[in-house]
Participant: 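Below: one structure in structure tokens.
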2 protein chains.
Amino acid sequence: MLTIGELSRQTGVKIPTIRYYEQMGLMDAAERSEGNQRRYTREEQDRLSFIRHARDLGLTIEAIRKLIDLSAHPERPCADADRIASEQLQAVRAKIEKLKRLESELERIATHCHGDQVKDCYVIRALANHELCEHEH
Amino acid sequence: MLTIGELSRQTGVKIPTIRYYEQMGLMDAAERSEGNQRRYTREEQDRLSFIRHARDLGLTIEAIRKLIDLSAHPERPCADADRIASEQLQAVRAKIEKLKRLESELERIATHCHGDQVKDCYVIRALANHELCEHEH
DNA sequence: CTTGTAGCTCTAGTTGCTAGAGGTGTTACG
DNA sequence: CGTAACACCTCTAGCAACTAGAGCTACAAG
Ligand SMILES: [Zn+2]
Ligand SMILES: [Zn+2]
Ligand SMILES: [Zn+2]
Ligand SMILES: [Zn+2]
């Protein structure tokens, strides 16, 4: 049995975050010591690692909750899990596209100022005038 | 003079958001009608467009506040404005890099499942085991 | 048996809005 | 001039996913 501090060190998840995941129903309410402190099993450590990995990949708490529910039913079809993964892939790709458009505008904005007073500053002018932009955003 | 609704339509910024910007000190407290309703000038519309454009480019409220303060002093050097723009560019590039790493992991995860039961699902296995990943994240 | 570290609960703060309740102002039409 | 429809007002609370702090209790080492 691990204390919450040991679990935190093992998984790299901060202590308040572990308690938050319990509150959100991602982690089951842990067993307690005589003195009301949480004690974790190896399986609970695995689950927390799963959660952390999914969070690192950008999945929402809600999506992770669904995946955990699915894992509890190994005989069911996995289409839902597969869909969650591809939706996340789509979402990440959409974000990348949007950020790339921002990158190109910001590169122009951040590299074209040759004035040294605010009244001549290209940054300020570019922000005031979207006409200078190449794309919508 | 524009009402808040007209200003909203002109700039594409929602009414509660305009009031929020006033609360955050990005917009000055607007002049009021007899009956206590906000009335805006053309300059205030320009400022709101500036704010919206900066937000669309991902700048934080805090950064925008600094840019507005700078604009009020046209004789000062613009180095601070230039720095804000390049920091934002750096931040956007860092996000893109991170998301690209996620994209490659997620592509693998989302396209490798050929089972149809949860117990054989590659998505679930991949999330449980970061060893299967190519990069850190 | 004391001391220091680790744990507990509960509340509030972060960012940038957005929604709703409950009330008032403004305007156009008849 | 009255009234209906619509726009606007303030204030509070909610979202996501934590994070920080106050004030308290448990546990392990010496
Ligand atoms: Zn400049
Ligand atoms: Zn633009
Ligand atoms: Zn699958
Ligand atoms: Zn991984």
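Each chain gets a letter, A, B and so on, in the order the sequences are listed, and its residues count up from 1.
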Participant: At less than 4.0 Å, is any side-chain N or O atom of B:K14 found next to OP1 or OP2 of C:dT18? Yes or no.
Facilitator: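 For C:dT18, OP1 or OP2 has a side-chain N or O of B:K14 closer than 4.0 Å.
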Participant: Nearest of C:dG16, C:dC8, D:dT19 to any side-chain atom of A:P16?
Facilitator: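 Of the candidates, D:dT19 comes closest.
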Participant: Taking for each residue the nucleotide of DNA chain D bearing the nearest heavy atom, is the 5' side occupied by A:G35 or by A:Y20?
Facilitator: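 This one resolves to A:Y20.
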Participant: Where the side chain of A:T17 is defined as all heavy atoms beyond and including C-beta, which of D:dC18, D:dC9, C:dC8 is the nearest nucleotide?
Facilitator: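 It is D:dC18.
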Participant: Indicate, with a heavy-atom threshold strictly under 4.0 Å, whether B:R19 touches base, sugar-phosphate, or nothing.
Facilitator: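 Base contact.
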Participant: For the CD atom of B:E105 and the CG atom of B:L132, what is their distance to the nearest 0.5 Å?
Facilitator: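 Going from the CD atom of B:E105 to the CG atom of B:L132 covers 9.5 Å.
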Participant: Could you state the atom-to-atom distance from CG of A:L59 to P of D:dC18 in whole Å?
Facilitator: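 Result: 12 Å.
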Participant: For C:dT26, take OP1 and OP2 only and decide whether either is under 4.0 Å from a side-chain N or O of B:S33.
Facilitator: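 True: B:S33 side-chain N/O within range (under 4.0 Å) of C:dT26 OP1/OP2.
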Participant: Can a side chain N or O of B:R32 be found less than 4.0 Å away from OP1 or OP2 on D:dT10?
Facilitator: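 Yes.
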Participant: Return whichever of B:R55 or A:T3 has its heavy-atom-nearest nucleotide of DNA chain C closer to the 5' end.
Facilitator: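 Here A:T3 is the residue nearer the 5' end.
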Participant: Establish, with yes or no, whether the OP1 or OP2 oxygen of D:dC8 is under 4.0 angstrom from a side-chain nitrogen or oxygen of B:R39.
Facilitator: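 No, no such contact exists.
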Participant: Give the rounded distance in Å between these two atoms: CZ of A:R52 and P of D:dC18.
Facilitator: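 Checked: the CZ to P distance equals 10 Å.
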Participant: Roughly how far, to the nearest 0.5 Å, is the CG atom of A:L48 from the OH atom of A:Y40?
Facilitator: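 Between atom OH of A:Y40 and atom CG of A:L48 there are 8.0 Å.
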Participant: Return the value, rounded to whole Å, for the distance between atom CD of A:Q23 and atom C1' of C:dT9.
Facilitator: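 From A:Q23 CD to C:dT9 C1': 10 Å.
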Participant: Please report the interatomic distance CZ(A:R52) to NE2(B:H130), rounded to the nearest 0.5 Å.
Facilitator: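 Going from the CZ atom of A:R52 to the NE2 atom of B:H130 covers 8.5 Å.
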Participant: Choose from C:dC8, D:dC18, D:dC8 the nucleotide whose nearest atom is closest to any side-chain atom of A:I61.
Facilitator: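 Among C:dC8, D:dC18, D:dC8, the one nearest the side chain of A:I61 is D:dC18.
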Participant: Whole-Å distance between D:dA7 P and B:L2 CG?
Facilitator: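 Distance check: B:L2 CG to D:dA7 P gives 16 Å.
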Participant: Between atom CG in A:N36 and atom P in D:dC24, what is the gap in whole Å?
Facilitator: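 My rounded result for the distance is 17 Å.
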Participant: For B:L48 and C:dG16, give me the distance from atom CG to atom C1', rounded to whole Å.
Facilitator: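 One finds 15 Å between C1' of C:dG16 and CG of B:L48, rounded.
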Participant: Expressed in angstrom and rounded to an integer, what is the separation of B:E34 atom CD from C:dT26 atom C1'?
Facilitator: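 It works out to 12 Å between those atoms.
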Participant: Please step through salt bridge (Lys or Arg N to Asp or Glu O under 4.0 Å) for the pair A:D28 and A:R47, ending with a clear verdict.
Facilitator: CA-CA 10 Å; A:D28 291 336; A:R47 175 181 284 199; 3.7 Å; yes
Participant: Does the pair A:R93/B:E103 count as a salt bridge with the N-to-O cut at 4.0 Å?
Facilitator: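 A salt bridge links A:R93 with B:E103.
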Participant: Using only side-chain N and O atoms of B:Y21, determine if any of them is under 4.0 Å from OP1 or OP2 of C:dG16.
Facilitator: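 So the side chain of B:Y21 is outside the cut-off, no N or O lying under 4.0 Å from OP1 or OP2 of C:dG16.
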Participant: Is the distance from OP1 or OP2 of D:dT10 to the nearest side-chain N or O of B:R38 less than 4.0 Å?
Facilitator: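 So the side-chain polar atoms of B:R38 do come within 4.0 Å of the phosphate oxygens OP1 or OP2 of D:dT10, strictly under.
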Participant: Step by step, work out the salt bridge (Lys or Arg N to Asp or Glu O under 4.0 Å) result for A:D69 and A:K66.
Facilitator: CA-CA 5 Å; A:D69 290 352; A:K66 281 185 197 143; over 6 Å; no
Participant: For A:E22 and C:dT9, what is the distance between atoms CD and C1' respectively, to the nearest whole Å?
Facilitator: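 The distance from CD of A:E22 to C1' of C:dT9 comes to 12 Å, rounded to the nearest Å.
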Participant: Where the side chain of B:Q37 is concerned, which of C:dC17, D:dA17, C:dT26 is the nearest nucleotide?
Facilitator: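 Ranking C:dC17, D:dA17, C:dT26 by closest atom to the B:Q37 side chain puts C:dT26 first.
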Participant: What's the closest nucleotide to the side chain of A:T60 if the choices are C:dG7, C:dG16, D:dA17?
Facilitator: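 Within the option list, the nearest is D:dA17.
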